[in-house]
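Data first, discussion second: the structure below is written as structure tokens.
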Amino acid sequence: MALTATDMATGLDTIRRVRDLRACVASWRGAGLKVGLVPTMGALHGGHFSLVRRSVASLDRTIVTLFVNPRQFGPNEDFARYPRDEAGDAAALARQGAQVLFAPSLEEMYPEGAVTTVAVPDIGDLLEGEFRPGFFTGVATVVAKLLIQAAPDVAFFGEKDFQQLCVIKRMATDLDLPVTIEGCPIVREDDGLALSSRNAYLSAEERKRAPALHRILQSVVTRVREGGAGCVAAAEALAARELLVAGFEKVDYVAVRDASSLAPIASVGAPARVLAAAWLGRTRLIDNLPLSGS
Ligand code: PAF
């Protein structure tokens, strides 16, 4: 396994080939060590670091993956301008105590002729799936590959992408992948904005407006807790209007859903989430909050 000059300084191994990753994990397993995996697209922030710290605290070895996966971006989405800073990410990961950064090339992940995909219908077709066709197939395909390549005991994902977490849990169960998928709480700025690599796109003016998303989701939680399932539709519609008043240009959805199936809820009590996606200028923000028990 090749080390770069940066790696030599920080103690973090950067691995680019699947065969080297497998050899590394096999040597750990031979020594009886447990392995954690944190899949990312880089541009790491406090949300990612919370996942890494959780893995470092609960497992013997932590692999962080960095791959900006073209298959989960639509033709008009931000693949080309997605923030990239591998050197900065590697230095930060070494400080967080991860042992390996797996940063494969496009050709390594999708060699010529690779056509197999992993689709997770139903739960992957709702909400984000409606607005970003193909997104979850891209995510499920790359995450299935990473789980097969790294064969971790536990893989960590942020609840910020709550539907993604549900899709990945479904996929891992359906494919009998021998891994525990662990969801970790959203990390927020002091003003409530959920940390996201895409926050870097916001102008100073948009950044001031952005925390309204969290605030308005909190109001939905309060209204539905007080008014019950009968007031869900009205609470969703009111929140969409409030987002527009708060300066969001477009609201893709505000939805109160069952926390595992993401189906509309019939009653308040079972674990549920309120989820939203809305646009500030050219930046699409998503966020969610537990309604009850989730
Ligand atoms: O959440 C992300 O950063 C990505 O969707 C993931 C899970 C790393 C797959 O590319």
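Both ligands and their constituent atoms are indexed starting at 1 by order of listing.
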task = Have a look at ligand 1 and work out which part of Ile168, if any, has a heavy atom under 4.0 Å from it: side chain, backbone, both or neither.
result = neither

inquiry  = With heavy-atom distances below 4.0 Å as the criterion, list the atoms of ligand 1 near Val142.
reply    = 9 (C), 10 (O)

task = Identify the protein heavy atom lying closest to atom 7 (C) of ligand 1, giving its residue, its atom name and the separation to 0.1 Å.
result = Gln164 NE2, 3.5 Å

ask   = Quick one: is the NZ or CZ of Arg282 closer than 6.0 Å to the six-membered ring centre of Tyr201, and within 45° of its axis?
value = no

message = Under 4.0 Å between a side-chain nitrogen and a carboxylate oxygen: does that hold for Glu86 and Arg16?
response = yes

Numbered atoms of ligand 1 (with element) below 4.0 Å of Thr40, judged on heavy atoms = 8 (C)

request  = Using distance alone, determine whether Asn69 and ligand 1 share an N or O pair under 3.5 Å.
outcome  = no

Heteroatom proximity flag, Gln72 to ligand 1, N/O under 3.5 Å = yes

Joint cluster assignment, Val187 & Leu44, ILVMFWY side-chain distance < 4.5 Å = no

query = With under 30° as parallel and over 60° as perpendicular, where do the rings of Phe131 and Tyr253 fit, or are they tilted in between?
reply = tilted

task = Answer yes when Glu159 and Arg273 have at least one side-chain N-carboxylate O distance shorter than 4.0 Å, and no when they do not.
result = yes

